[in-house]
Amino acid sequence: MLQKTSHYMRQANLIGGKWVQADSGVTIDVINPANGQKLGTVPKSGAAETRRAIEAADEAFQGWRKTSALERSKLLRKLHDAIMDNQDSLAELLTMEQGKALFEAKGEVAISAAYILWFAEEGRRTYGDVVPSPWADRRIIVTKQPVGVIAAITPWNFPSSMLARKIGPALAAGCTAVVKPASQTPYSGLAWGALCEEVGFPEGVVNIVTGSAGEIGDEICANPLVRKLTFTGSTEIGKILIQKCASTVKKVSMELGGNAPFLVFDDADIDRAVEGAIIAKYRNSGQTCVCTNRFFVQAGVYDTFVEKFAAATAKLKVGPGLEEGTTQGPLIDDKAVAKVEEFIDDAKSHGGKVVSGGKRHALGGSFFEPTVISGATPKMRFMKEEIFGPVAPVFKFDTEEEAVRLANDTEFGLACYFYTGDLGRAFRVMEGLKYGMVGVNEGLITTVEAPFGGVKESGLGKEGGHQGIEDYLDTKYVCIGGLGL
Ligand SMILES: NC(=O)C1=CN([C@@H]2O[C@H](COP(=O)(O)OP(=O)(O)OC[C@H]3O[C@@H](n4cnc5c(N)ncnc54)[C@H](OP(=O)(O)O)[C@@H]3O)[C@@H](O)[C@H]2O)C=CC1
Ligand SMILES: O=C(O)[C@H](O)CS(=O)(=O)O
């Protein structure tokens with residue numbers, strides 16, 4: 001199977017148009033989470049390689065910034081087409097390094113291409129202004145220009161689409177990029193380097209460096225040539241990076257952790273709510289930042305919802321991502337499994353009841369049974385900590401006010417979901433929830449046309465939508481005199 005995915009599989013850094021190893025020659029093994037087998041290696045790079053990548057991006061920026069928005073749009077469209085022409089092999093590579101079910105990997109590759117196409121179009125609409133001048137002899141214009149060299153650091157859970165919604169707007173705006181993919185899932189990002197090379201992006205426009213996160217991150221944050229950092233990952237690391245970027249006053253975009261609530265009111269369509277709950281909880285085996293972390297169900301429908309949700313959960317098929325029919329792949333590693341077990345043990349110690357799943361899957365390794373726990377209470381770790389795994393705690397509430405208060409009782413504010421048949425309630429609850437994204441009677445809302453991002457400690461900035469390109473642009477005010485008007 002590896003043979004079929006090898007065409008875009010690269011086991012080297014891409015710096016200034018050249019595929020190179022780490023200076024030390026040291027490598028990192030990349031492991032298939034479905035079977036623990038080694039897929040290959042990537043360079044264990046550090047500050048020196050990162051510095052060279054930044055310098056290559058800065059050199060390429062001098063030419064790339066002078067291309068027209070239409071030229072950049074055409075290249076991005078070619079990149080979109082190349083991704084879609086190779087969707088199957090890119091999806092197989094993604095599943096082999098990350099573990100997700102193949103249909104989800106194909107979906108991730110497709111939305112990655114969709115982000116590229118969206119920004120191919122948005123890059124031609126970065127309008128400025130001509131402002132009526134207060135002076136008869138001067139003219140005022142306001143223009144948008146690319147910020148310059150950007151750095152992108154991406155997580156292991158969506159190694160393709162998280163990169164797409166960063167380099168898509170960056171390249172469309174006229175920026176150049178240095179990318180650090182997650183060490184556990186580097187191949188999807190490196191494949192992007194091969195695709196950009198194939199469709200004709202100039203050398204140094206996209207550079208990709210794998211290896212020591214701390215060393216690479218420190219060079220990115222300290223190097224004044226890098227004018228913006230866009231990061232997707234944990235809030236813990238995001239806070240460190242924000243602090244380190246202060247030394248050179250970089251722009252920062254942060255897509256960080258979540259603690260999504262999912263509210264079900266008495267007047268909800270319960271079958272629709274269960275359908276939404278399944279996708280909002282178990283997509284990517286629960287390893288997404290917008291996965292539901294806490295289910296809050298009104299007392300009148302609590303037992304019915306738990307029974308239907310547990311039954312639907314039990315129907316999910318755990319297995320290797322490449323296996324026909326699999327809906328739940330393995331977790332990324334054994335550390336992730338151990339964390340999920342800790343959450344379940346904590347819940348049981350506080351009176352929670354496992355009504356579906358609850359333990360490691362018979363397949364062994366990092367496969368885990370999708371799990372529903374009833375009788376959840378705010379004393380449990382779920383209330384404040386992101387699970388990042390296939391565990392669904394179901395809390396009970398009585399009033400609308402109580403539900404909104406419980407939902408907001410977190411430092412996070414990324415995504416939230418609620419189900420109701422009452423229009424007035426829909427507006428009251430939507431306006432009361434302190435989150436960047438709200439699903440009303442829907443459990444999967446991510447799309448390229450809408451601005452993705454959180455508030456509070458879930459992050460800064462938006463990705464996707466027309467907002468997604470703004471963070472890659474500087475606004476310049478120009479006052480023109482001496483015109484003899
Ligand atoms: N808001 C959002 O859109 C998303 C948020 N997340 C959040 O991320 C977490 C899980 O993802 P995970 O990958 O474990 O998150 P991490 O924050 O551990 O890692 C994310 C990326 O940051 C890199 N990194 C780690 N430490 C440093 C450092 N000191 N300097 C520079 N880079 C560093 C990692 O590199 P390496 O792999 O080499 O360690 C990886 O590429 C969860 O909290 C989840 O909610 C995840 C996806 C999307
Ligand atoms: O990394 C993630 O969790 C993604 O942001 C989730 S989504 O964009 O696929 O919804």
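This chain uses plain numbering: 1 for the first residue, then up along the sequence. Just so you know, ligand 1 is whichever comes first in the structure, and atom 1 is the first atom listed for that ligand. Small disclaimer: the values here were computed from a predicted structure and weren't measured.
Between F265 and F418, the ring planes are perpendicular. Angles over 60° get that label, and only those under 30° would be called parallel. Taking the six-membered ring where tryptophan is involved, the planes of F119 and Y115 are essentially parallel, since the angle between them stays under 30° and well short of 60°.
Residue contacts with ligand 2, taken as heavy atom pairs separated by less than 4.0 Å, do not involve M437 at all. At a 4.0 Å heavy-atom cut-off, ligand 2 touches R283 through the side chain alone. With a 4.0 Å heavy-atom cut-off, ligand 2 is reached by the backbone of T288 and by its side chain too. Contacts between M162 and ligand 2, counted as non-hydrogen atom pairs separated by less than 4.0 Å, involve the side chain only. At a 4.0 Å heavy-atom cut-off, ligand 1 touches E386 through the side chain alone. Only backbone heavy atoms of L256 (N, CA, C or O) come within less than 4.0 Å of ligand 1; its side chain stays farther off. Neither the backbone nor the side chain of K244 has any atom closer than 4.0 Å to an atom of ligand 1 (non-hydrogen atoms only).
Using a 4.0 Å cutoff on heavy atoms, F452 counts as a contact of ligand 1. Heavy-atom distances between E215 and ligand 1 stay at or above 4.0 Å for every pair. Contact between N157 and ligand 1 is present, with at least one heavy atom of the residue lying under 4.0 Å from the ligand. Look at I220 and you'll find every heavy atom at least 4.0 Å from all atoms of ligand 1.
Looking at F305 and V274, their side chains come closer than 4.5 Å, going by heavy atoms from C-beta outward. Using a 4.5 Å cut-off on side-chain heavy atoms (C-beta onward), L229 and M254 make contact. D471 is not listed as a side-chain neighbour of K251, based on a closest heavy-atom distance of 4.5 Å or more. For the pair P370 and V318, the minimum side-chain heavy-atom distance is below 4.5 Å.
Protein heavy atom closest to atom 10 (O) of ligand 2, with residue, atom name and distance, is T446 OG1, 2.5 Å. The protein heavy atom nearest to atom 14 (O) of ligand 1 is W156 NE1, 3.0 Å. The protein heavy-atom contact nearest to atom 10 (C) of ligand 1 is F388 CE2, 3.7 Å. Counting only heavy atoms of the protein, atom 29 (N) of ligand 1 lies nearest to G214 CA, 4.1 Å. Scanning all protein heavy atoms for the shortest distance to atom 3 (O) of ligand 1 gives C289 SG, 3.1 Å.
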Q.
Assess the residue pair F262 and Y419 against the criterion (ring pair (Phe, Tyr, Trp, His ring centres under 6.0 Å)); give the C-alpha distance rounded to whole Å, side-chain angles, the decisive distance to 0.1 Å, and a yes or no.
A. CA-CA 8 Å; F262 187 108; Y419 282 70; 5.1 Å; yes

Q. Given the rule in the salt bridge (charged side-chain N to carboxylate O under 4.0 Å, His left out) test, do K44 and D29 qualify, once you have shown the distances and angles that lead to the verdict?
A. CA-CA 9 Å; K44 184 172 171 54; D29 288 350; over 6 Å; no

Q: For F382 and F395, run ring pair (Phe, Tyr, Trp, His ring centres under 6.0 Å): C-alpha distance rounded to whole Å, both residues' side-chain angles, the deciding distance at 0.1 Å, then the answer.
A: CA-CA 10 Å; F382 308 121; F395 300 72; 7.0 Å; no

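Between the choices D333, I237, I332, the shortest heavy-atom distance to atom 26 (N) of ligand 1 belongs to I237. Nearest-heavy-atom check against atom 32 (N) of ligand 1 across I153, L414, I28 picks out I153. Considering each of S234, P181, G258, A415, the one bringing a non-hydrogen atom nearest atom 15 (O) of ligand 1 is S234. Here atom 30 (N) of ligand 1 lies nearest to A213 when heavy atoms of P186, S183, A213 are compared.
Where the criterion is an N or O separation shorter than 3.5 Å, residue side chain and backbone included, E255 meets it with respect to ligand 1. Note: an N/O pair closer than 3.5 Å links K180 and ligand 1 by distance alone. The shortest N or O to N or O distance between R165 and ligand 2 is under 3.5 Å. Note: no N/O pair closer than 3.5 Å links L241 and ligand 1 by distance alone. At under 3.5 Å, a nitrogen or oxygen of C289, whether backbone or side chain, sits near a nitrogen or oxygen of ligand 2. For ligand 2, the polar-atom distance check finds an N/O of N157 within less than 3.5 Å of one of the ligand's N/O atoms.
By the neighbour-count criterion of 12 heavy atoms within 6.0 Å, atom NZ of K379 is sparsely surrounded, having that number or fewer from other residues, nucleotides or ligands.
The ligand atoms of ligand 1 that sit less than 4.0 angstrom from a heavy atom of A182 are 37 (O), 41 (O).
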